[in-house]
S.K.: 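Here you go, one structure.
The figures here come from the full heavy-atom set of this structure, side chains too, leaving out hydrogens, waters and symmetry mates. Given the structure is predicted, the values throughout are model-derived calculations rather than measurements. Count residues from 1 along the sequence.
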Amino acid sequence: MSAPVVVTGRGVLSPIGCDWPSFASAVRERRVARAEPFPSEAPEPPLWHCISEPSLVAREGKRPEEPLTLLVIAAAGQALAEAGVSAEDAPHDDVGLVVSTVLGPSGAVESYLEALQARGSRSARPAHFVDTLLSMPASRLGITYGLRGSTAVLGGSNAFELACDWLRSGREHTVLAGSGECLSPKCARYLTVLAERSGAARALLAQGAGFLVLESQSRAVERGSRVLGQILGAGAASDPQTIGLPWSADPDGPAFACAMHTAMGEAGAAPGDVGLVALAAGDDASESGELAAVRAVLGRAPVVLHPKRLFGEALGAGSALGLLAALAELEAANHGDAIAIVNAFELGGGVTSLVVGGAP
């Protein structure tokens, strides 16, 4: 069994809550998000609203800020504040950063390309172009809070698996890890058409961001951090898909079974130890294979949490929101030996599983 990684900070902006208390309460009560337009040019169908703080609205007279950057900075700020990592004490040379997103700043890409198409190369501006880079939200997040440790930007992969590797190898002792997604109108319409063509009822599109401050046990003790949860093990596998739908990875379950076996082995967990599984799938069409894998690995049907039935399909943000949802359930269980499996998948058929525990 490898040394557990501990959670010392949580931050979230989601369709069911824009801070940890409201998000956790919504998960425990199984409150489903209401479909509301995003406060901008609303695509059809409307995206679920997930920005409610006035501080996230662009200031009058200034160029509108890239919305994904606003999301990740706000959610990360909550997690850092809870962990006691203050922006006032920056720079933090020993705090790493891992950010995952599928589409990245798609709104900035869309507006940049539309300007090029309408006005030609004369419309190109370096200040606008940098907004289109996949790494730019993470770069600005790191600059905002003065994080100078190792930094990685992942295109849809699970940020927490890499963060755990860094912590267990001693590369870092504190890592801010999370993911976010904010869809442009055209991306939303495109993904909606893909879902319609699949012929199955899919979870509504959503957007949001979730971040956790993860630390080695020794660093948490050194800083006097309050431990809020644990990541005990991680596993990954892949069953390559031939279609571009992001909701149907691993339809028959073998990749999920492999990932769960690996994560449980790393955690030293037996099937009987697992009391909860948070599914990666968000609808009947894509749950059958994952549930079959769960039954095959655990030999039974445990309590199942369906995060995406609550907050929708948030693409790159889904892995963080699913992990936070599982931690909310474990916190409510109120005993330190509770263990959950949290599954996630990415475009192309990659899947990951985390074995997580509550506060010891």
Side-chain angles (χ1 to χ4, degrees), residues 7 9-39 42-43 45-54 56 67 71-72 74-75 77-79 82 178-183 188 191-192 195 201-212 228-229 247 275-287 290-291 294 301-335 338 340-344 354 356 358-359:
V7 178
R10 303 157 299 193
V12 59
L13 290 177
S14 82
I16 59 173
C18 286
D19 55 50
W20 170 254
S22 61
F23 176 84
S25 176
V27 169
R28 293 164 191 157
E29 296 172 13
R30 302 297 189 267
R31 292 204 302 268
V32 178
R34 295 176 299 168
E36 297 176 350
F38 187 69
L47 295 174
W48 286 350
H49 172 71
C50 68
I51 292 184
S52 63
E53 301 178 21
L56 298 184
L71 280 173
V72 298
Q78 294 176 17
E82 186 174 40
S179 55
E181 207 75 66
C182 188
L183 303 180
L191 292 170
T192 300
R202 303 287 184 179
L204 291 179
L205 292 173
Q207 54 194 356
F211 278 83
L212 284 79
L228 308 168
W247 301 278
L276 173 74
V277 176
L279 298 184
D283 51 77
D284 292 337
S286 51
E287 278 181 5
E290 188 176 357
L291 287 172
V294 168
V303 175
V304 174
L305 179 64
H306 305 81
K308 290 181 182 178
R309 291 184 183 268
L310 304 179
F311 57 69
E313 175 52 71
L315 299 175
S319 58
L321 297 180
L323 174 55
L324 287 164
L327 290 174
E329 287 289 283
L330 292 174
E331 185 178 77
N334 200 30
H335 54 87
I341 288 177
V342 183
N343 287 336
L354 300 175
V356 301

S.K.: Any chance you could measure I16, atom CD1, to L321, atom CG, to the nearest 0.5 Å?
M.R.: 8.0 Å

S.K.: So which heavy atom on S14 is nearest to which on C18, and how close?
M.R.: O-SG, 3.8 Å

S.K.: Checking A328 now: which residues fulfil side chain to side chain contact (heavy atoms under 4.5 Å, CB included) with it, not counting sequence neighbours?
M.R.: W20, A24, V27, R28

S.K.: At their closest point, which heavy atom of A325 faces which heavy atom of F23, and how far apart are they?
M.R.: N-CE2, 3.6 Å

S.K.: State, to 0.1 Å, how close A206 and P15 come at their nearest heavy-atom pair, and which atoms those are.
M.R.: CB-CG, 3.9 Å

S.K.: To the nearest 0.5 Å, how far apart are NZ in K308 and CG in L315?
M.R.: 7.5 Å

S.K.: Is the backbone N or O of L13 less than 3.5 Å from a side-chain atom of Q78, with the two atoms forming a donor-acceptor pair by type?
M.R.: no

S.K.: Are the side chain of E329 and the backbone of L305 linked by a donor-acceptor contact shorter than 3.5 Å?
M.R.: no

S.K.: Taking the side chain as every heavy atom from C-beta outward, state whether L212 and L327 have any pair of such atoms under 4.5 Å apart.
M.R.: yes

S.K.: Distance-only, no hydrogens or angles: does the E290 side chain make a donor-acceptor pair with backbone N or O of A280 under 3.5 Å?
M.R.: yes

S.K.: Ignoring hydrogens, what is the shortest heavy-atom contact between A278 and G322? Give both atom names and the distance.
M.R.: CB-O, 4.3 Å

S.K.: For the atom pair CD1 (I341) and CG (L279), what is the distance rounded to the nearest 0.5 Å?
M.R.: 10.5 Å

S.K.: What distance separates S319 OG from N343 CG, expressed to the nearest 0.5 Å?
M.R.: 11.5 Å

S.K.: Could you work out, with side chain to side chain contact (heavy atoms under 4.5 Å, CB included) as the rule, every residue matching A340, not counting sequence neighbours?
M.R.: L276, L330, V356

S.K.: Using 0.5 Å steps for rounding, measure from the CZ atom of R30 to the NE2 atom of H306.
M.R.: 9.5 Å

S.K.: Would you confirm whether S179, through its side chain, and G316, through its main-chain N or O, come within 3.5 Å as a donor-acceptor pair?
M.R.: yes

S.K.: Could you tell me the separation between the CZ atom of F211 and the CG atom of L324, rounded to the nearest 0.5 Å?
M.R.: 10.5 Å

S.K.: Compare every heavy atom of A188 with every heavy atom of L205, then report the nearest pair and how far apart it is.
M.R.: CD1-O, 3.5 Å

S.K.: With sequence neighbours left out, what residues match S25 under side chain to side chain contact (heavy atoms under 4.5 Å, CB included)?
M.R.: E29, R31

S.K.: With E82, which residues qualify under side chain to side chain contact (heavy atoms under 4.5 Å, CB included), at least two apart?
M.R.: R10, L228

S.K.: Looking at every non-hydrogen atom in both residues, tell me the closest pair between A317 and E181 and how far apart they are.
M.R.: CB-N, 3.8 Å

